[in-house]
Structures are given as C-alpha cells and as structure tokens.
Amino acid sequence: IPNYSNIDDTFHGLYYDPDNQYTVPYTYGIVGIIYDANVVDKADTGRWDLLWNEKYSNKIVQFNNSRDAFGTAMFKLGIDVNTTDKALWDKAHDEMIKQRPLVYSFVMDEIFNIMQSGEASIGAYYAGDYLTMADVNSDLAFVYPKEGVNFFVDAMCVLKNSKNKEAAELYMNFMCSEEIAVANANYICYASPHSLVLESDDYDLKGNEILY
C-alpha cells in the first residue's frame with residue numbers, strides 16, 4: 001500500500017499494531033459533550049457532571065454502548081478507563097445507575113435527530129458528528145470536559161480469510177491518495193491522520209479547533 005507513506009508519523013506504531021503490519025489509520029476522533037447553548041447554562045459546562053445535572057433531567061441523552069457510556073462515568077469519577085479493578089468498574093456502574101432517572105434516551109445514531117430537533121439538550125458524542133449536527137442546528141455547542149476524554153482511531157485492514165486481498169489493498173491505497181483523502185475528510189467531518197490532508201488548502205476543516 002504505497003500511499004501508506006501519506007499517513008502522519010504520529011499514527012505509526014500505535015499500541016494495537018506496533019509494527020504497522022495490519023492496519024492503516026482511516027480517521028480519528030475524541031468524545032466530548034454536545035449541548036444546546038439556548039438551554040444549558042454555560043457555567044454548568046466544562047465537566048462530565050453535566051450529564052448528571054438534575055437541572056436538565058429528561059434533556060440528557062447517553063451512549064447506547066457500554067464502552068463509551070462507562071467512559072463518561074469513569075472520567076467523571078477520576079477512574080482510569082483501562083483499569084482492571086472490578087471494584088472500580090462497579091463504582092462506575094453505580095454512578096450510571098444514579099444517572100438513569102435523568103436520561104431521556106440511550107442512543108447512538110439517533111442522537112442526530114434528537115439533538116438537532118431540540119428533543120434533548122445534552123449528550124456525549126463524537127466531535128466529528130458534532131460538526132455535522134451543528135450544520136443543521138447552529139444552537140449546538142461542544143466542550144471537552146476537563147477531567148479527560150478518550151481518543152480513538154478507526155483503521156482499515158484486510159481480513160485474514162479475504163478472497164480479494166489485492167482488491168482490498170488497492171482500495172486502501174485509493175483511500176490514502178491525496179484527492180480522495182481530502183474529499184473523504186471534508187465529507188465525514190472526522191479528524192484525518194493523513195499528512196497531505198492536513199496541509200491541503202482544499203480541506204475545509206484545516207486547523208479546526210474542535211477536531212485539532
């Protein structure tokens with residue numbers, strides 16, 4: 001995959017593929033809190049406890065996946081999200097039980113309609129998707145809580161039992177070409193690990209303060 005050379009050095013040798021044998025980073029991002037600036041007092045923002053604020057009961061949406069949902073509780077409590085201590089996971093679980101009566105809905109992609117329409121006013125979600133949502137509803141704002149956030153990389157790979165390995169590699173190479181990578185980054189609104197995208201004047205989100 002010759003165009004792998006376009007992937008920024010920062011994304012080489014990541015912990016899940018230290019020798020760059022199996023994966024090609026496709027995009028990356030961070031979780032934060034999206035909120036309706038017309039409903040939520042800015043003084044209440046900035047920390048994960050916003051998702052537990054009784055003032056906004058029934059206006060809060062929470063992740064419908066255990067990894068990210070537990071992450072919000074663990075960051076709030078100052079717990080290492082990679083801990084293997086069951087007692088700490090139980091503590092985070094108890095914190096989520098406390099949150100449950102305040103939650104309007106547990107969602108994934110449904111957050112777009114719920115937040116854009118104003119059904120809910122607060123939700124933890126991915127920064128790239130916030131930018132897409134803000135294009136529809138300019139009242140939405142975004143914050144990275146001070147206690148910390150997670151960082152993820154989506155990567156492309158070829159399955160071990162692939163019947164079309166060469167075609168898969170050609171496609172991955174295509175996605176890492178400059179013109180295509182720029183177009184893709186503009187479309188999906190997630191941060192790019194592609195060095196030529198970051199330098200391109202055709203990249204609409206170049207230097208965006210939310211993504212970078």
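What you see is a predicted model; the values in this text were computed from it and never measured. Hydrogens, waters and symmetry mates play no part in the numbers below; they use all other heavy atoms, side chains included.
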When hydrophobic residues are tied together by side-chain contacts of less than 4.5 Å, even through go-betweens, does [X] share a cluster with [Y]?
| X | Y | answer |
| --- | --- | --- |
| Phe152 | Tyr212 | yes |
| Tyr144 | Leu50 | yes |
| Leu211 | Val149 | yes |
| Leu170 | Phe174 | no |
| Ile60 | Met108 | yes |

Where is the tightest heavy-atom contact between [X] and [Y], given as atom of each residue plus distance?
| X | Y | answer |
| --- | --- | --- |
| Ala155 | Thr23 | CB-CB, 3.8 Å |
| Val31 | Phe142 | C-CZ, 4.5 Å |
| Ser192 | Leu198 | O-CD2, 3.7 Å |
| Ala92 | Met74 | CB-CG, 3.6 Å |
| His194 | Glu178 | CE1-CA, 4.2 Å |
| Cys176 | Ile7 | SG-CD1, 4.3 Å |

Under 3.5 Å side-chain donor-acceptor pair for [X] and [Y]:
| X | Y | value |
| --- | --- | --- |
| Glu110 | Ser105 | no |
| Asp154 | Tyr190 | no |
| Asn20 | Tyr4 | yes |
| Thr10 | Asp8 | yes |

Should the heavy atoms of other residues, nucleotides or ligands under 6.0 Å from [atom1] of [X] be counted, would the total exceed 12?
| X | atom1 | answer |
| --- | --- | --- |
| Tyr22 | OH | no |
| Glu199 | CD | yes |
| Gln21 | CD | yes |
| His93 | NE2 | no |
| Lys55 | NZ | yes |
| Lys206 | NZ | yes |

Residue pair Tyr26, Asn184: steps toward the side chain to side chain contact (heavy atoms under 4.5 Å, CB included) verdict
CA-CA 10 Å; Tyr26 165 71; Asn184 181 60; 3.4 Å; yes
For Tyr56 and Asp44: C-alpha separation, side-chain torsions, deciding distance, then whether side chain to side chain donor-acceptor pair (under 3.5 Å) applies.
CA-CA 10 Å; Tyr56 306 107; Asp44 293 332; 2.5 Å; yes
Roughly how far apart are [X] [atom1] and [Y] [atom2], rounded to 0.5 Å?
| X | Y | atom1 | atom2 | answer |
| --- | --- | --- | --- | --- |
| Leu131 | Leu205 | CG | CG | 6.0 Å |
| Asn6 | Ile1 | CG | CD1 | 12.0 Å |
| Leu88 | Ile79 | CG | CD1 | 5.0 Å |
| Asn150 | Arg67 | CG | CZ | 9.5 Å |
| Asp129 | Ile34 | CG | CD1 | 7.0 Å |
| Asn113 | Met133 | CG | CE | 9.0 Å |

Do Tyr126 and Phe63 have their ring centres less than 6.0 Å from each other?
yes
Phe151 vs Tyr28 aromatic rings, parallel, tilted or perpendicular, using cut-offs 30° and 60°?
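Ring orientation, 0 to 90° scale: tilted.
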Should the pair Trp48 and Phe75 be assigned to parallel (<30°), tilted (30 to 60°) or perpendicular (>60°) ring geometry?
parallel
Side-chain donor/acceptor of Trp52 to backbone N/O of Ala73, under 3.5 Å:
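Checking the backbone N and O of Ala73 against the side chain of Trp52, no donor-acceptor pair under 3.5 Å is found.
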Going by heavy atoms in the side chains, are Asp36 and Met115 under 4.5 Å from each other?
no
How about Lys59 and Val40: do any of their side-chain heavy atoms sit closer than 4.5 Å?
no
With sequence neighbours left out, which residue pairs that include part of residues 130-143 fulfil the side chain to side chain donor-acceptor pair (under 3.5 Å) condition?
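Qualifying pairs: Asn38-Asp139.
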Could you tell me whether Lys86 and Asp90 make a salt bridge, using a distance below 4.0 angstrom between a side-chain N and a carboxylate O?
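Yes, this pair counts.
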Considering only NZ, NE, NH1 and NH2 on the basic side and carboxylate oxygens on the acidic side, decide whether Lys91 and Glu95 come within less than 4.0 Å.
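The answer is no: the pair does not qualify as a salt bridge.
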Does Val158 form a side chain to side chain contact (heavy atoms under 4.5 Å, CB included) with Met172? I'd like the steps, not just the answer.
CA-CA 9 Å; Val158 184; Met172 291 161 73; 3.7 Å; yes
Run the side chain to side chain contact (heavy atoms under 4.5 Å, CB included) check on Ile33 and Thr45 step by step: do they pass?
CA-CA 9 Å; Ile33 298 176; Thr45 68; over 6 Å; no
